[in-house]
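First up is the structure itself, then whatever we jot down about it.
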Amino acid sequence: MIISPVPTIIANLPNPHSSSHDSNLRRVIISLLHKNRKNPKHVQSIHCHAIKTRTSQDPFVAFELLRVYCKVNYIDHAIKLFRCTQNPNVYLYTSLIDGFVSFGSYTDAINLFCQMVRKHVLADNYAVTAMLKACVLQRALGSGKEVHGLVLKSGLGLDRSIALKLVELYGKCGVLEDARKMFDGMPERDVVACTVMIGSCFDCGMVEEAIEVFNEMGTRDTVCWTMVIDGLVRNGEFNRGLEVFREMQVKGVEPNEVTFVCVLSACAQLGALELGRWIHAYMRKCGVEVNRFVAGALINMYSRCGDIDEAQALFDGVRVKDVSTYNSMIGGLALHGKSIEAVELFSEMLKERVRPNGITFVGVLNACSHGGLVDLGGEIFESMEMIHGIEPEVEHYGCMVDILGRVGRLEEAFDFIGRMGVEADDKMLCSLLSACKIHKNIGMGEKVAKLLSEHYRIDSGSFIMLSNFYASLGRWSYAAEVREKMEKGGIIKEPGCSSIEVNNAIHEFFSGDLRHPERKRIYKKLEELNYLTKFEGYLPATEVALHDIDDEQKELALAVHSERLAICYGLVSTEAYTTLRVGKNLRICDDCHAMIKLIAKITRRKIVVRDRNRFHHFENGECSCKDYW
DNA sequence: TTAGGGTTAG
């Protein structure tokens, strides 16, 4: 522990050698700690003085010191203080458990609670609540259940805070029945308890159950409404989340900054730029404080909705940037194919001494992958553990596989999977398979396809990738087999869907969609563009329309891909030269990519398409991804 | 004399 010089703040302390009473000294020290609780150096000096005056063993002083150290994130000092205390009492244990929790060391918190029980220090409600907090964050269902049993046996009684934490724990761990049982057993189910229960339902994906609890509530405050919006958005019900936000406004419930963060997330995921802009303006009007969450949400919304310049302007305006602010911006730049800028921002972040976390590396490595920066990507990956002490997780390995695969270093990517020490996931195999397809390496593709088809967890996107791979080789029977397996497994192909925002409304199109009221004008425009693009040299690449049908039919299937319909609607419903912004749920196909480049050239429009992986900015016959995605 | 509420991006 560093001993700092005694500052003037303790010059007026009672003299330890005088006859002043201990209680007086204790009171003064505690009061000093309160006054200086935000200044770690002063706290250390006070601690030194407490040691000298032998007050540091006083349970009340030790308790305050420990709490203050935890508050300023000096967890090492807190641990040392705890270890130096003879027979720490339940208060001391609880504060250190709480300290571990706020520091993110959940396992340490859980272990310390167990140690306390082993040492026969009787747990009280506060200690149990702190322990359960750690269990919730660590998703430690087993330990949580043990504590639940301990509480029942000890006769402590199910204190309200304990019951609330148990509802949360069971929800977060996916055992909604147990959460419900706890909730139903609570004598007082007020707005807070209901909010926790709603959160638990959403955590388990039980959207309608959550809404039912919400609808049965008497008074509903801002936090509760926000929980519902957040839950809907987390469960992919973005439009419904926005509807609840409108309803909340109609009912006159004031949104807070958390509400806005959730609403902005819905806009980001819908690609609803105009609505996002409106919300931003509304927030300014309400004087919402732009804290780090709000800043991150705004940067994320603008970049995900295609306006990377606005995201950058916002980022530049944030005075104190933390890791999440940088993460939002680096992720945004990567999404837009601005690879160099993303890597430069990463360097700037390190220079500013902001410590990166695992998410930062997903962003930077993604940027390297989109920009074909193989060597740099490799170096950054190596630095994760060596320099930054961050153990790579499966998504980081996935980025590396993607980086190597995209540039055609397929063997290396395959070996990498074998060496990496974590199990390959289906996304990683899919990315490699896609690389095999692009680089036309059939042998390697078959090896990967075999691994992928044997994978225990494979989603609809991976099935389609596999089926498309076989179809691209003309192996229709294999492709059909994959589709059959998919059907048997009850997995439904996610249909391609594109959306475009015109006059604050989101218009959605499926492939060959005929539902839109403007369908006549849309299809007329499409026909016109098909004609004009052929003059520009466009030849439909029939291999991507992967059904066992003849070429003419394939051409037809391609021609009505959802993104083309959305673009045509944009063209007929907006002023000349207006930028079109389209969102697509799946990856854009080669054929549409080639076609949209020409549409942008012919119509002199900027067309921004967000697909599942990234943004494509089409302008004057070219795309920002340089045909590399 | 020592303390704990429910909602926040990637």
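Below, read A as the first sequence line, B as the second, and so on, with proteins coming before strands; counting in each chain starts at 1.
- Side-chain proximity of A:Arg304 to B:dG10, B:dT1, B:dG4: nearest is B:dG10.
- Contact check on A:Glu501 versus A:Arg610 returns no salt bridge, with no Lys/Arg side-chain nitrogen under 4.0 Å from an Asp/Glu carboxylate oxygen.
- Salt-bridge formation is not detected for the pair A:Arg67/A:Asp98: no Lys NZ or Arg NE/NH1/NH2 atom is positioned less than 4.0 Å from an Asp or Glu carboxylate oxygen.
- Relative orientation of the A:His77 and A:Tyr69 rings is tilted, given thresholds of 30° and 60° on the angle between their planes.
- Judged by distance alone with a 3.5 Å cut-off, a donor-acceptor contact links the side chain of A:Asp221 to the base of B:dG6.
- Side-chain proximity of A:Asn357 to B:dG4, B:dG6, B:dG10: nearest is B:dG10.
- Near DNA chain B, meaning a heavy atom under 4.0 Å from it, residues 257-277 of chain A has A:Val258, A:Val261 in order of number.
- One can place CG of A:Asn366 at 11 Å from C1' of B:dG10, the figure rounded to the nearest angstrom.
- The nucleotide whose nearest atom lies closest to any side-chain atom of A:Phe60 is, among B:dT1, B:dG10, B:dG6, B:dT1.
- Proximity note for A:Asp230 (side chain, C-beta onward) versus B:dT8, B:dT2, B:dG10: the nearest is B:dT8.
- Judged by distance alone, the side chain of A:Thr222 and the main-chain N or O of A:Glu254 form a donor-acceptor pair under 3.5 Å.
- Residues A:Asp611 and A:Lys584 are not paired through a salt bridge, judged by the lack of any N-O separation under 4.0 Å between the basic side chain and the carboxylate.
- Remark: P of B:dT8 and CZ of A:Phe245 are 17 Å apart, rounded to the nearest angstrom.
- Using a 4.0 Å cut-off between a side-chain N of Lys or Arg and a carboxylate O of Asp or Glu, A:Glu168 and A:Lys165 qualify as a salt bridge.
- In this structure, A:Leu345 atom CG and B:dG10 atom C1' are separated by 14 Å, rounded to whole Å.
- As rounded to whole Å, 11 Å separates atom C1' of B:dA3 from atom NE2 of A:His34.
- The OH-P distance, from A:Tyr69 to B:dA3, rounds to 20 Å in whole Å.
- The listed nucleotides are B:dG4, B:dG6, B:dT2; the one nearest the side chain of A:Thr195 is B:dG6.
- Between the base of B:dG4 and the side chain of A:Asn125 there is no donor-acceptor pair shorter than 3.5 Å.
- The residues A:Lys181 and A:Asp178 are annotated as salt-bridged, a charged nitrogen and a carboxylate oxygen being separated by less than 4.0 angstrom.
- B:dT8 atom P lies 16 Å from atom CE of A:Met283, rounded to whole Å.
- Ring pair A:Phe245/A:Trp225: centre-to-centre distance not below 6.0 Å.
- Closest to the side chain of A:Asp124, out of B:dG6, B:dA3, B:dA9, is B:dA3.
- Taking both residues in full, the closest heavy atoms of A:Cys224 and A:Thr195 are given as CB-OG1, 3.6 Å, listed atom of the first, atom of the second, then distance.
- Considering only side-chain atoms of A:Ser161, the nucleotide from B:dG6, B:dT7, B:dG4 that sits closest is B:dG4.
- Nearest to the side chain of A:Asn89, among B:dT2, B:dT1, B:dG6, sits B:dT2.
- Within residues 309-334 of chain A, the residues that have a heavy atom under 4.0 Å from DNA chain B are, in order of number, A:Ser324, A:Asn327.
- Every pair passing side-chain hydrogen bond (donor to acceptor under 3.5 Å, both in side chains) that includes a residue from residues 297-320 of chain A is listed here, sequence neighbours excluded: A:Arg277-A:Asp307, A:His280-A:Tyr302, A:Asn300-A:Arg304, A:Gln312-A:Asp316.
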